[in-house]
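Scroll down for the structure; my scribbles are underneath it.
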Amino acid sequence: MKIVEVAFDIPVDRKFDYLPGKFLQRIYKGVRVRVPFGRQKKVGIVVSIKDIEHANRSDYKSILAVYDTTPLLNDELFELAGFISERYFSSLGQALFAMIGGLPLKYSYPPEYSSEDGAHSIFQNYSKKYLVFLKDEKRKKIYIRIIQSVKDGSILLLFPEVSIAEEYYEQISDIFRDRVVLFHSELPKNEKIRIWLKMIHRKGLIIIGTRIAGFSPAQDIKTIIIDRGNDSAYSEQQTPKYNTCEVAEFRCRLLKIPLFIGEAAISIKEYLDIQKGNVSIELFNGEGQPSVHTIFMSRKTVDKELSFFVTDTISMLEETLLRKGKVAIFHNRKGSSKILRCEKCEYKFPCNICNYPMTLSDDGKSLLCRFCKTIIPFDKICPSCGSKKVGERVYGIEKIFRRLKEYYPDFRIVKFIGGMEITDDFDIIIGTSAVKKILGTYKFSLVIIINGESFLNIPDYNSEEIFFVMLNEMKSIIDNPECKILIQTRSPNLEVYKALVENNSDIFYSRELSIRKQLCYPPFSDIIKIEIKGTKKDVFEDKKRLIEDYIKEKGYDLFYSGPSFPPVKRGKGVWKYLLRFKDEFDRQDIKKLAYEVDATVEVNPDRI
DNA sequence: TCTTGCGAGTAA
DNA sequence: TACTCGCAAGAC
């Protein structure tokens, strides 16, 4: 008797058996079906059809409906889903739905595809990873050359954002005409399924899209190109929390095809790959890039009026403005609140619920927690040492923006918020690192980073790398060799700054790599972040102990376990903690364990 | 005694 | 995940 195995978008790594009923002729691996599931009805994906000889009909429920006339996923994508569920600790169903979850259930099947039968993939017999490290414009030209070099096959070209993908789609549609298709998650549903079916049936396509296009069902993919692979948009935020570059690399090895990753700046992992000779590389020589300078910030050097600037910064700013040059100001702190700190003992006023430093209200009379929204009165005395010197003048973007407008009423000052439309008529633009996106759009003459340490003091193992890569990206994006990047800092002697000022990346990378190796951090060892739901501390402690006992029992060597981050919101929080394994471990084991304690697991999160 | 909120269990 | 069940504390 035929039994249909179905997987669901639920954190249960199990297949569920159903009777095909009258749908037997229409059921294939890779079609979606509607089935009874407990008291609910659910949509699942058929993962296999098996034969059971002595099956008892009444042990099974029957399929209620079949949605697709052809499989939406081929064997290669099933294998990819298997990889994703193992590496990122999700169920197979969650991985499958990550690929096709956005497709509509009801749609009309284009008649032109009806007579075709599924073609087999044609494998190329080589596989290699390339890094293209070039300025934006040059990279995009190289991509065209790569596309032209591919004969008889499809190419996947991924971009971090919808808008960039659309822009490139427009550009190359002029050259390659109707071979080019666009696929991303913001397309209307009917368009999504139309393109999906086109990718299944048509050959020789140039598929432009965002991370979801990495799951294209095209059967004849010959090359995958990922633009700016370091971009955090390539990390999925929902389970399975996959990384597009890793997924693409797996797919390329499977298909034996080359992978190209284009970057404006190189990450630690890529640097290691280069050193090991794992990648071929086309390097940009770094000439004609802006220079980086540090400016020492101390109580003596800051300006009396604009206390977030050192006086030297102000003279350069004014000089630039008088020459009609454009200025970009980066700051890593949103809003207008002052961040509190005791100047004597460095006490940071942690919230007693969330443990994150609290901020001072505008009137200075109370403390606010930006996570749980707790408000407590503030008596301007440090509870740790009793000092009255509390409340450092560190401003958020909003405050700096307002002060600058007051101080320079004759200049056009704009506050940049992500996704905002900008026109050319500004002199100063201020914002968080999102401003990076428009550095290449206009000609900037000066870039100011208000406080380098505000990027570095993030309690994250990779904060220095993120800062370093960001600065190198800025250098690469800014199309003006005369431009200067100023970093205001209290510690100009830090190695990161030296490497940037001297334009010597090797110092930074080799030092950073040796630290990572010593402490078992990526790229040498994976970090496993485990988040446990629930607010009660003792429940969390129990579950944590369960995990740690299990790991001990299995004989895995933990390099590090902890710290515990308390829930962020009162009533609905999630406890987090981190694990780093010294050796290999069985991912299936950890997955089972995670399901047992109702935890979500993430591999090498961008932010801890 | 009725209401509500949470934790545990389970889905074929 | 999304749902139900059952228990137990709080409202009246």
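This is a predicted model, so every value here is computed, not measured. Every chain is numbered from 1, with letters handed out A, B, ... down the list of sequences.
The side chain to side chain contact (heavy atoms under 4.5 Å, CB included) check on A/Gln588 picks up A/Asp13, A/Glu86, A/Asp586, A/Lys591, with sequence neighbours excluded. Among residues two or more places apart in sequence or in another chain, the salt bridge (charged side-chain N to carboxylate O under 4.0 Å, His left out) test is passed with A/Asp379 by none. When the side chain to side chain contact (heavy atoms under 4.5 Å, CB included) test is applied to A/Glu53, no partner is found at least two apart in sequence or on another chain. Legend: residues meeting side chain to side chain contact (heavy atoms under 4.5 Å, CB included) with A/Glu465, ordered by chain and number and at least two apart, are A/Ser267, A/Ile268, A/Asn462, A/Val469, A/Arg516. A search for salt bridge (charged side-chain N to carboxylate O under 4.0 Å, His left out) contacts involving A/Asp51 returns A/Lys2, not counting sequence neighbours. Listed by chain and number, the residues in a side chain to side chain contact (heavy atoms under 4.5 Å, CB included) with A/Leu64 are A/Arg34, A/Pro36, A/Lys41 (sequence neighbours excluded).
In this model, no donor atom of one side chain and acceptor atom of the other lie less than 3.5 Å apart for A/Ser232 and A/Asp606.
Rounded to an integer number of Å, the gap from OH of A/Tyr595 to P of B/dA11 is 17 Å.
Residue pairs meeting the salt bridge (charged side-chain N to carboxylate O under 4.0 Å, His left out) criterion with at least one partner in residues 207-219 of chain A, sequence neighbours excluded, are A/Arg211-A/Glu236.
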Can you give each donor-acceptor pair under 3.5 Å made by side-chain atoms of residues 87-104 of chain A, sequence neighbours left out, with the distance rounded to 0.1 Å?
from	atom 1	to	atom 2	distance (Å)
A/Arg87	NE	A/Glu246	OE1	2.7
A/Arg87	NH1	A/Asp526	OD2	3.1
A/Arg87	NH2	A/Glu246	OE2	3.2
A/Tyr88	OH	A/Asn243	N	3.4
A/Tyr88	OH	A/Glu246	OE1	2.4
A/Ser91	OG	A/Ile10	O	2.8
A/Ser91	OG	A/Gln94	N	3.1
A/Ser91	OG	A/Gln94	OE1	3.4
A/Gln94	OE1	A/Ser91	N	3.0

Residues 54-62 of chain A side chain polar contacts: donor-acceptor under 3.5 Å, at least two apart:
from	atom 1	to	atom 2	distance (Å)
A/Asn56	OD1	A/Ser58	N	3.4
A/Asn56	OD1	A/Ser58	OG	3.1

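Sorted by residue number, the members of residues 31-50 of chain A with any non-hydrogen atom under 4.0 Å from DNA chain B read A/Pro36, A/Phe37, A/Gly38. Only at 4.0 angstrom or more do the heavy atoms of residues 84-106 of chain A sit from any atom of DNA chain B, so none qualifies. Of the residues in residues 3-23 of chain A, A/Ile10, A/Pro11 come within less than 4.0 Å of DNA chain C through at least one heavy atom, sorted by number.
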